[in-house]
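All remarks here apply to the structure that follows.
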Amino acid sequence: MSDHATSSSRIRTEIAGTSVLKLVERFGTPTYVIDESTIVDRITDLGRFDVIRYAQKACSNLAILDLMRRQGVLVDAVSGGEVRRALAAGYKTGGDPPPITYTADIFDRDALDLVIQQNVHVNVGSPDMIDQLGQVAPGRNITFRINPGFGHGHSQKTNTGGQQSKHGIWYEQLDECLQRADRYGLGVSGLHMHIGSGTDLEHLAQVCGAMEKVVLQAGRTVTSISAGGGLPVPYKPDDSSVDLGRYFQLWDAVRKRLEDHCGHAIHVEIEPGRFLVAESGFLLAEIRAVKRMGSNLFYLVDAGFNNLARPILYGAYHPMSVVPSDGNARRPEYDVIVGGPLCESGDIFTQEEGGFVAKRRLPAAVVGDYLAIECAGAYGFVMSSNYNSRTMAAEVLVRDGTPYLIRSRQTFDDLVRGETIPPAAE
Ligand code: LLP
């Protein structure tokens, strides 16, 4: 542990122009705070694509879905629950392009009933889904999610292509699946590929070539192609932003060649989750203990992997800053380990893949200061759990400088809802 010159680079006092101390005073901790203007900026960045379809699994709060809808962003759902969320946020069904798509590798029974009743477009990820849908709803249009035989993600756990992955229709089975669809009069109006989450331009570019091949094979019924999600965001200080101009050009070139071949217009969809919401989100926690273990200094906060699972799951790096409760931004910095309250040694926010604890340079802190875990808007709240019987965090949206509570903190009653104690044996 070494002292360092005073610095304010890892000190944060406001989010979207709103005082963090006021936010925590009003909403408590742990709380997710989402800056709406960052989401709107990211939507604008993708404006050249014909359709932006939000992969709501990244952050599915109704207020976020409502924002996306008002911004003209369409939505993807991966479960019956996500379809219901989209409907509750005002998305309609039917039409071209379909406002809601259901992209999955199985239909559970609830989801199959729902997509039929509500006329939700299905992006099929397994041959069996073609039969299951065709038997009860022949004559519809569907799209195929194709696994192109390769994939890439920020972690092996987020790589969704290649033979090791359960996702999509294997590219060599395209003809067989087209024939299956034919049997039920299902029209294949589009093809989709998503090779993984948090990948890079090099791998995303390979998808363009793979897509071109399968569309030529599928034939002229195709009117839309989807590039899936996967766009990376800068989590680490030296991570660069993806060259969106270049990415669009690659897809636009594929589109033009396919339009020439097919003789009709083809829409290019993009389906990001992380890119749209990651940078907008902050997890605010209070520092409740500052303690030494030999030469290591730990900050223990009141949020754990029950609130943000990405570090324990993937060794994911999230920027962090200290929010001084006394407003004093001039503090020395130390290399510290940041952990949560859970009764499990892996409850560490500063860890690398494989569970190896890492240190982070952060300003000196005392109990009662706050910690902002940043870039936490994607796959943050949505992956939270009630482990250790901890209630889930509140969510707050800052719109035009005004904070709105968009999800209240869970209560103990929420936690035990549905649990019953059977009568004692006589
Ligand atoms: N489309 C499909 C079909 C997907 O499976 C996914 C992500 C996306 C789009 C959005 O991908 P994105 O643009 O967000 O990379 N929990 C992990 C990420 C899992 C992503 C699963 N599918 C994490 O925290 O990194």
Side-chain angles (χ1 to χ4, degrees), residues 32 39 42-43 45-46 49 51-60 64 68 73-79 82 86 100-106 121-126 129 143-148 151-162 165-169 190-201 203-204 207 211 225-236 239 241-242 244 247 269-281 283 305 307-318 349 351 353 373 375-385:
Y32 273 94
I39 297 179
R42 293 294 90 82
I43 295 170
D45 290 343
L46 297 178
F49 288 86
V51 172
I52 308 172
R53 188 177 293 286
Y54 174 50
Q56 66 167 291
K57 73 197 88 183
C59 178
S60 55
I64 302 304
M68 295 291 177
V73 173
L74 307 186
V75 71
D76 182 54
V78 296
S79 65
E82 286 195 354
I100 308 175
T101 53
Y102 173 83
T103 299
D105 300 293
I106 66 156
H121 178 89
V122 178
N123 185 25
V124 166
S126 296
M129 290 175 72
T143 45
F144 284 173
R145 173 181 181 174
I146 302 292
N147 177 335
H152 183 252
H154 68 79
S155 152
Q156 191 45 35
K157 293 171 191 152
T158 67
N159 176 342
T160 59
S165 166
K166 65 178 179 163
H167 293 292
I169 290 174
L191 296 177
H192 168 286
M193 284 181 186
H194 170 79
I195 59 158
S197 190
T199 179
D200 53 35
L201 196 50
H203 289 89
L204 288 168
V207 178
M211 178 66 85
I225 51 179
S226 172
L231 290 172
V233 300
Y235 285 104
K236 291 191 176 150
D239 283 351
S241 293
V242 68
L244 290 174
Y247 188 48
E269 287 203 4
I270 185 167
E271 194 177 74
R274 184 189 316 276
F275 181 84
L276 291 173
V277 293
E279 292 158 280
S280 71
L283 173 58
F305 72 69
N307 301 112
L308 178 67
R310 301 194 69 254
I312 193 172
L313 278 179
Y314 319 114
Y317 179 103
H318 284 269
F349 287 117
Q351 65 177 289
E353 194 148 15
I373 305 180
C375 226
Y379 308 107
F381 183 91
V382 286
M383 292 175 77
S384 56
S385 76

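Excluded from the calculations below are hydrogen atoms, water molecules and symmetry mates; all remaining heavy atoms, backbone and side chain alike, are included. Read the numbers this way: they start at 1 and go in the same order the structure lists the ligands and their atoms.
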Interfacing atoms of ligand 1 (cut-off 4.0 Å, heavy-atom, [X]):
{"X": "R310", "answer": "23 (C), 24 (O), 25 (O)"}
{"X": "M383", "answer": "16 (N)"}
{"X": "A55", "answer": "8 (C), 9 (C), 10 (C)"}
{"X": "G229", "answer": "9 (C), 13 (O)"}

Gap separating the [atom1] atom of [X] from the [atom2] atom of [Y], nearest 0.5 angstrom:
{"X": "T143", "Y": "I225", "atom1": "OG1", "atom2": "CD1", "answer": "12.5 Å"}
{"X": "S155", "Y": "R310", "atom1": "OG", "atom2": "CZ", "answer": "9.0 Å"}
{"X": "E353", "Y": "L313", "atom1": "CD", "atom2": "CG", "answer": "9.5 Å"}

Geometry only, no angles: is [X] polar-contacting ligand 1 at N/O separations under 3.5 Å?
{"X": "Y379", "answer": "yes"}
{"X": "G230", "answer": "yes"}
{"X": "S197", "answer": "yes"}
{"X": "T158", "answer": "no"}
{"X": "G273", "answer": "yes"}

Nearest-contact summary for atom 17 (C) of ligand 1 - protein heavy atom, Å: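 For this ligand atom, the closest protein heavy atom is Y314 OH, 3.1 Å.
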
Contact check, G198 vs ligand 1, heavy-atom distance below 4.0 Å: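 Yes.
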
Ligand 1 contacted by R145 (non-hydrogen, < 4.0 Å):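 It does; at least one heavy atom falls under 4.0 Å.
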
Ring geometry between Y247 and F49 (parallel below 30°, tilted from 30 to 60°, perpendicular above 60°):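 Ring orientation, 0 to 90° scale: tilted.
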
Region of [X] engaging ligand 1 - heavy atom pairs below 4.0 Å:
{"X": "E271", "result": "both"}
{"X": "H194", "result": "side chain"}
{"X": "K57", "result": "side chain"}
{"X": "H167", "result": "neither"}

From K166, H167, R145, residue fulfilling side chain to side chain donor-acceptor pair (under 3.5 Å) relative to D105: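 When K166, H167, R145 are each tested with D105, the side chain to side chain donor-acceptor pair (under 3.5 Å) holds only for H167.
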
